[in-house]
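When a residue number appears, it is its place in the shown sequence, counting from 1. What's counted below: heavy atoms across the whole structure, side chains too, no hydrogens, waters or symmetry copies. These numbers were taken from a predicted model, which means no experiment stands behind them.
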Amino acid sequence: MKKRTPIKNHYEEIRLVSQRSITALVVMVLLVILLITRLAYLQLTKHTLYTTLSQKNSLDLIPIEPTRGLIYDRNGVLLAENIPVFSLDVTPYKVTNIPKTLAEIAKIIPLTDTEIAQFQKQLKQHRRFDEIPLKIRLTEADVANFSENAYRFPGFVIKARLIRHYPYNENFSHVLGYVGRINIEDLKNIDTTNYSATNYLGKVGIEKYYEDELHGTVGYEQVENDASGEPVRVLNQIKPEPGKTIYLTIDSNLQLAAEKALDGQHGAIVAIQPSTGQILALVSQPSYDPNLFVAGISTQEFQTLQNSPDRPLYNRTLRGLYPLASTIKPYIALEGLDAGIASPEFTLFDPGWYQLHNSEHVFHDWQHHGHGMVNISRAIISSCDTYFYDLGAKLGIQRIDNILNQFGFGEATGIDLEDELAGNIASPAWKKRAKGQAWYQGDTLNSAIGQGYMQATPLQLAHAVATLANHGQRMTPYLMLGYQEPGKAYQNSAPAPLNTITLNDEKTWALVIKAMQGVIDSPEGTGHRFGHPTYAVAAKTGTAQVYSFNKKHYEVDENNTQEKYLPDKLRDHSLLIAFAPVENPQIAIAVIVENSKLASSVARQVLDYYLLPKGQNPVATTSTAATQNSSPTGTTHAIS
């Protein structure tokens, strides 16, 4: 019988299993040691790092928008305020599909194309975790509808916020300006950290010029979030610092009276306090409602304003360039008398025209039959062109430019508003540079009566006549009367004197000013439409030519009767500069009414309102602003 061979070797299997078990055990021990080592490294060596990262995952630093400073007039009338509204805000990173979600949102809250377009712009300018306003000024129904459906829209939230509001609408728009949404260009010029919670800033006017003062300083909240990223509690808070409250030199009642006096006419009025340079009224008509720009104006609405033939966005007080016309004559008279080229006694016969030697060109006087014998006082009173043609020829363009430059023409006044134009004082060098042409003596004659290439803004005209009222003391025009920081005392702005114009004989001032009184008081004064007030006023009228008739017209239509057949846009502008009372000037004014002869009557209404007791003039009873608005401190900061 054969011996059976065993199929399995039990001893070998036991040895093999033992080896494998030992190897596995060693590997497991090594892995455990490695795990323990790694855990020790993370828990001990990297404890601080990962604790910080963990806290960052649960904590957020949320910027808090500061409250924008308020703007008041000199008497505590509120001109720019902040009103509470509800807005629908979006945090982009929390929204999976923004276009689809916006379409769903629009089914419960109406969204205009402008609002969606504004939101799309803001998306490109903000970080994905910033809250971006989608719709401002939600109605109660909008809030209720969203609250019922809020669970469907993660990343969307209703927020209570303050937005800018201008209670007088268009009345102060060219002074205040407006705030608008921050755009890409704005981001290049602002501190993005300080504006991290802000969506609006000043675009024009006082709102832009004093943006730093009005904006304030951003605050922060440190909040703890839950696992879904929603805030659970506030751990710490750095309160924002509100912007400063600003008080303007503007007298809101006078501003409203001036706008009422213009009565829908296109033009500008600037009123200045001569002793300080404070701007009492700054009116440019037509105007616009700045509230349109706060929440975001549509492209169509903006183009309507921009393309309007009335040019409501155009600030005529700072950027309107008009011929000085006959308002230049008191300054030319001052230079003539001071240089000894003219004298009070010298008289000139005016036949109604003036002609240079060796020239065939005839320069017409506005009164075609002439003024007869004229001295310098009567030349100012009756605005005799012929006299000033002759005086201009004797002075020469250099002396004319010199006196006008001393009064601030041809340069910006330095008012605390941006975009002011400097105007133009013509000279041979300017004409060569700008026109590529030589200067002729006829150019000098035109300059002497404020025509030709001479241009000035209404602000410059008011500034110059205020200087004349001060007998040569120039003051920088300004609008900020003072300011108040939260919890601190009111701070007043000090007037800023400029260089003083000195004449060889101080009596020259009185002589010219006396003649300017005659413009109103004398029977032949050109300011007859002003009437006869109870206060003493010195003034000078002017007519800025828009359309020039040919020589034949003056021969056949001596009284210029055909002007009434011209279209309104081609009719002359009327100007008036004035100050009153003469002995102690309280107000200086420049008025320009486009395509109309009403400057004198408009100026009369404004000066009556300011100088007469309120019971003695009808304007005061219909144009008084809501002066029950007081300053936040309960104090009225008025400076006379």
Do you know the tightest heavy-atom contact between [X] and [Y]?
{"X": "V512", "Y": "A333", "value": "CG2-CB, 4.3 Å"}
{"X": "I269", "Y": "A258", "value": "CD1-O, 3.5 Å"}
{"X": "A578", "Y": "V537", "value": "CB-CG2, 4.0 Å"}
{"X": "A590", "Y": "A462", "value": "CB-N, 3.5 Å"}
{"X": "I328", "Y": "S447", "value": "CD1-O, 3.3 Å"}
{"X": "A603", "Y": "V591", "value": "CB-CG2, 3.8 Å"}

Going by atom types only, do [X] and [Y] share a side-chain donor-acceptor pair under 3.5 Å?
{"X": "Y314", "Y": "Q306", "answer": "no"}
{"X": "Y210", "Y": "D416", "answer": "yes"}
{"X": "H266", "Y": "D310", "answer": "yes"}
{"X": "N171", "Y": "E259", "answer": "yes"}
{"X": "S383", "Y": "S326", "answer": "yes"}
{"X": "Q273", "Y": "T276", "answer": "yes"}
{"X": "S284", "Y": "T317", "answer": "no"}
{"X": "D338", "Y": "T508", "answer": "no"}
{"X": "T444", "Y": "W439", "answer": "yes"}
{"X": "N291", "Y": "N169", "answer": "yes"}
{"X": "E524", "Y": "S382", "answer": "no"}

Is the backbone of [Y] close enough, under 3.5 Å, to the side chain of [X] for a donor and an acceptor to pair up by distance?
{"X": "N470", "Y": "P274", "answer": "yes"}
{"X": "S601", "Y": "L598", "answer": "yes"}
{"X": "T249", "Y": "I279", "answer": "yes"}
{"X": "S574", "Y": "S596", "answer": "yes"}
{"X": "N405", "Y": "D401", "answer": "yes"}
{"X": "D365", "Y": "G370", "answer": "no"}
{"X": "D350", "Y": "H371", "answer": "yes"}
{"X": "D73", "Y": "S252", "answer": "yes"}
{"X": "N375", "Y": "F346", "answer": "no"}
{"X": "Q355", "Y": "S359", "answer": "yes"}

Stepwise side-chain contact (heavy atoms from CB on, under 4.5 Å) check, Y288 with L313: CA-CA 7 Å; Y288 63 95; L313 298 177; 3.8 Å; yes

Quick check on [X]: does its [atom1] atom have over 12 non-hydrogen neighbours (other residues, nucleotides or ligands) under 6.0 Å away?
{"X": "K431", "atom1": "NZ", "value": "yes"}
{"X": "Q437", "atom1": "CD", "value": "yes"}
{"X": "Y440", "atom1": "OH", "value": "no"}

Just verifying a value: how many Å separate [X] [atom1] and [Y] [atom2], rounded to the nearest 0.5 Å?
{"X": "I520", "Y": "Q517", "atom1": "CD1", "atom2": "CD", "answer": "10.0 Å"}
{"X": "I376", "Y": "I380", "atom1": "CD1", "atom2": "CD1", "answer": "5.5 Å"}
{"X": "I206", "Y": "L176", "atom1": "CD1", "atom2": "CG", "answer": "7.5 Å"}
{"X": "L417", "Y": "M480", "atom1": "CG", "atom2": "CE", "answer": "12.0 Å"}
{"X": "H573", "Y": "E594", "atom1": "NE2", "atom2": "CD", "answer": "5.0 Å"}
{"X": "K435", "Y": "D443", "atom1": "NZ", "atom2": "CG", "answer": "10.5 Å"}

Looking at side-chain heavy atoms only, is the closest gap between [X] and [Y] below 4.5 Å?
{"X": "T327", "Y": "L461", "value": "yes"}
{"X": "D390", "Y": "Y354", "value": "yes"}
{"X": "L292", "Y": "Y178", "value": "no"}
{"X": "L404", "Y": "M454", "value": "yes"}
{"X": "M373", "Y": "L348", "value": "no"}
{"X": "H174", "Y": "Q285", "value": "no"}
{"X": "I400", "Y": "E335", "value": "no"}
{"X": "M475", "Y": "L498", "value": "no"}

Evaluation steps, side-chain contact (heavy atoms from CB on, under 4.5 Å), between T541 and L575: CA-CA 6 Å; T541 60; L575 297 80; over 6 Å; no

Lys/Arg-Asp/Glu bridge criterion (N-O < 4.0 Å) met for [X], [Y]:
{"X": "E420", "Y": "R316", "value": "no"}
{"X": "D385", "Y": "K329", "value": "yes"}
{"X": "K208", "Y": "E418", "value": "yes"}
{"X": "K203", "Y": "D186", "value": "yes"}

Plane angle bin for W509 and H471 - parallel if under 30°, tilted between 30 and 60°, otherwise perpendicular: parallel

Geometric class of the F530/Y535 ring pair [parallel <30°, tilted 30-60°, perpendicular >60°]: perpendicular

Test side-chain contact (heavy atoms from CB on, under 4.5 Å) applied to F293 and Y166, step by step: CA-CA 11 Å; F293 291 85; Y166 305 98; over 6 Å; no

Chi angles and distances behind the side chain to side chain donor-acceptor pair (under 3.5 Å) call for Y478, Q278: CA-CA 5 Å; Y478 67 99; Q278 293 173 11; 3.1 Å; yes

Ring pair (Phe, Tyr, Trp, His ring centres under 6.0 Å) between H361 and W353, worked out: CA-CA 10 Å; H361 185 79; W353 52 270; over 10 Å; no

Y453 ring center within less than 6.0 Å of W430 ring center: yes

Validation row, ring centre F407 to ring centre Y331 under 6.0 Å: yes

Full working for side-chain contact (heavy atoms from CB on, under 4.5 Å) between F409 and L324: CA-CA 10 Å; F409 292 107; L324 281 74; 3.8 Å; yes

